[in-house]
Protein chains: 4
Amino acid sequence: MTKTVTSSDSRTRILETAYRLFYEQGYHATGINQIIAEAGVAKASFYHHFPSKKDLCIAFLQKRHRDWFSWLKQEVDSHVEPRERILSLFAFLEQWLTTSKFRGCAFLNLTSEFPIPDSVIRRMIVVHKAELREYIKELVQSFVDKTASPQKVEVASLADTIYVLFEGSIITSQVYSSIWAIQSSREAVQRILT
Amino acid sequence: MTKTVTSSDSRTRILETAYRLFYEQGYHATGINQIIAEAGVAKASFYHHFPSKKDLCIAFLQKRHRDWFSWLKQEVDSHVEPRERILSLFAFLEQWLTTSKFRGCAFLNLTSEFPIPDSVIRRMIVVHKAELREYIKELVQSFVDKTASPQKVEVASLADTIYVLFEGSIITSQVYSSIWAIQSSREAVQRILT
Amino acid sequence: MTKTVTSSDSRTRILETAYRLFYEQGYHATGINQIIAEAGVAKASFYHHFPSKKDLCIAFLQKRHRDWFSWLKQEVDSHVEPRERILSLFAFLEQWLTTSKFRGCAFLNLTSEFPIPDSVIRRMIVVHKAELREYIKELVQSFVDKTASPQKVEVASLADTIYVLFEGSIITSQVYSSIWAIQSSREAVQRILT
Amino acid sequence: MTKTVTSSDSRTRILETAYRLFYEQGYHATGINQIIAEAGVAKASFYHHFPSKKDLCIAFLQKRHRDWFSWLKQEVDSHVEPRERILSLFAFLEQWLTTSKFRGCAFLNLTSEFPIPDSVIRRMIVVHKAELREYIKELVQSFVDKTASPQKVEVASLADTIYVLFEGSIITSQVYSSIWAIQSSREAVQRILT
DNA sequence: CATGAATGAGGGTTCATTCAT
DNA sequence: GATGAATGAACCCTCATTCAT
């Protein structure tokens, strides 16, 4: 039992170190040497666990995908009212920005670093964002289902606007190192949902 | 005089080559060697004109700033109605995406590559984006000034929402290689301005 | 009993895989990883059976020595006339070149890869070649013994010439990927033996 | 004037160092690090002059081709009699083996290290050997032209036999670190030319 | 007898930059 | 204003081998 944990220790340390460095510095700016130095493993140990740097990046994105959605849903699920659940998307962003070394969205950042759209990593990014888009749509659907008033705007349109505001808030907060965009977007969504 | 023109030729070629490569491939992924090779200049000539790669990047951003705003304002100025001028922001985006090798916003991409907020390049990016934000605010002000109806929402709030939708549209279009976000945001703005 | 067979199975697989790879790719170009991957054994199993890569090479040469002479003698022994037996040396070469992935003589190839003459492997190579030289000498002796006519040339000289033609044919066929040298040498030997 | 020599000094040192090491140790056994260390240049200087290790090998073979033929022809040209000129091929071999760090033929050795026949280097090797074969044929042609006696054997056949004996002598001398094969082949050729 | 994790040393290559001319 | 040679540091990756289990 303890064995399993111990044996994959080094792989875990590599992944967690890369997890941090890829997010904080970016993919290209982070070298294998720094990763193994901070993880405290030998270079060959790295390549024993990961065939290449890109494969490590893929593992990073898989973990990030799970973690990030877990954080997001934890915040959303702390609310029951459909309207509040939607607005909590931006509460999540504000919390993210203020309580961690915020460097924007790891997936958006990697989009900048990997120019070729039809690559493994770019496809993973699209999958991640498509899941976010779908999740927001579900939140909006719940809201529309509950509110008796006949909505004039379709669910999809409404959801996409919120999605774009969400994405725009992330990138803008990253650029300015400020939360004004998040608050502004939250208020905009509040008005839209009235 | 002719000399000056001739002599700055190589500087121009370097800058224009970097302009293209930095945008298409990113900063880290573009090496000095590729730049001088494609520009057709000697390595020492490069360092004669630009003290470092970062200085070249600064020159790139300066030129990009001028060019991009020139393109944007050209599109906006082709309309007179304040409402149309605002909506033309998204017409501009659609045109950008469809008529060029679209790789998102050069400034947002560089934000991903330069982690440290308090650096020369990151400050240039903020200046660029702040100017865009201010420009959108002016467009919204013109719209509000004209429409007699007393707006309940403040100009600044309205402008920021449009700004965030604009930014979100860029990044989303880049992720999906699709214009759906632009069209969706344009419609959202249309409704908001009603 | 069954155990012994089963347990030496992995050793056999390693040796046979190395047998093929060392010959097709060369010693330096063949890594331990490729060998164990294609043999389907664990890395530690490899070092359980062979103390080092060089020891595996030694085992390879031992097996190769037995196999190769077995093939050669099988061809030679299909003839009874001393003259035909000598000429069959070149029939063997032609068959070797045309019916297999011919990459020259494994021993000569390793001579290129191991520069130091006074090493275990180089000594094995000399032993192998000395045995070939001796074998050819025996064939020539049989031929001289039978033919009543007093040969003016000594047996040793004649045998060495054939030996050198044999070796030259192998290396030349490898260089040109062609059998012309084998045929030419065969004809030369035919004339000499007249 | 001195400038030109000085500026290409480092390229020359790299090539000459590789020239020696590739011959003495082989291609795979010689690393870039050793080459630059013994040449006394920085690693990047190496890649400034040679795009890759393989390109250095190509340059090595080009120089070797010129040098080796120069040595060979110098020996042959010290004789006037066609018969002596042919026999001097083996005098050259003997001299080569006894007056230098003989490690066989650089081209044959590389044939062992580069398995793929249809590659740049393997093609260079064939060209080198084809030129040797042609050169020997010319020597034999001169001999046949002069000797009035009608040769029964064709020039091409005779030349090829000598070529194969020449190649076989090189490889055999390398294997045994001995000149017996050269002497034996020389005597064989003497008899053949009688 | 067998395993996979871990290693130090080195593989070939490219980086942004500086130098003398 | 322009050149190409030269550099130290770092790039990603692979080598044959040893270890604990």
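Each chain gets a letter, A, B and so on, in the order its sequence line appears, and its residues count up from 1.
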| field | Residue list, ring-ring contact (aromatic ring centres under 6.0 Å, His included) with Y23(D), at least two apart or on another chain | value | none

| V41(B) and side-chain contact (heavy atoms from CB on, under 4.5 Å): which partner among I14(B), D9(B), I35(B)? | I14(B)

Can you check nucleotides 8-11 of chain E for protein contacts, nitrogen or oxygen pairs under 3.5 Å, and list what you find?
unit_1, atom_1, unit_2, atom_2, d
dG11(E), OP2, N33(D), ND2, 2.4

| request: Using the test ring-ring contact (aromatic ring centres under 6.0 Å, His included), find all partners of F114(D) that sit at least two apart in sequence or belong to another chain. | output: Y27(D)

| query | Between K54(B) (NZ) and dC15(E) (P), how many Å, whole number? | reply | 18 Å

| request: List for me each residue that meets side chain to side chain donor-acceptor pair (under 3.5 Å) alongside S52(D), sequence neighbours excluded, and say none if there are none. | output: D55(D)

| request: Using the closest heavy atom to pick a nucleotide of DNA chain E for each, name whichever of G40(A) or S52(B) lands nearer the 5' end. | output: G40(A)

| At under 4.0 Å, does any side-chain N or O of S10(D) touch on OP1 or OP2 of dA5(F)? | no

| said: Tell me the interatomic distance from I36(B), atom CD1, to dA16(E), atom C1', rounded to whole angstroms. | reply: 11 Å

| message | As a check on the pairing definition, encode DNA chain F in dot-bracket form, counting Watson-Crick and G-U wobble pairs whose two distances are under 3.5 Å, and using | for partners outside this strand. | response | .||||||||||||||||||||

| request: Tell me, please, which residues at least two apart from K129(D) pass side chain to side chain donor-acceptor pair (under 3.5 Å). | output: E167(D)

| field | Those residues that, when tested against H65(A), pass ring-ring contact (aromatic ring centres under 6.0 Å, His included) (two or more places apart) | value | F69(A), H128(A)

| Set of side chain to side chain donor-acceptor pair (under 3.5 Å) partners for T30(D), sequence neighbours left out | Q25(D)

| message | Please report the distance, rounded to the nearest Å, between CZ in F50(A) and P in dC12(F). | response | 15 Å

| message | Check this one for me: any side-chain N or O of Y47(C) less than 4.0 Å away from OP1 or OP2 of dT17(F)? | response | yes

| field | side chain to side chain donor-acceptor pair (under 3.5 Å) partners for S112(D), two or more places apart | value | N109(C), S112(C)

| field | Rounded distance (Å) that lies between atom P of dA5(F) and atom CZ of F46(D) | value | 15 Å

| Presence of H48(B) side-chain N/O under 4.0 Å of dG1(F) phosphate oxygens OP1/OP2 | yes

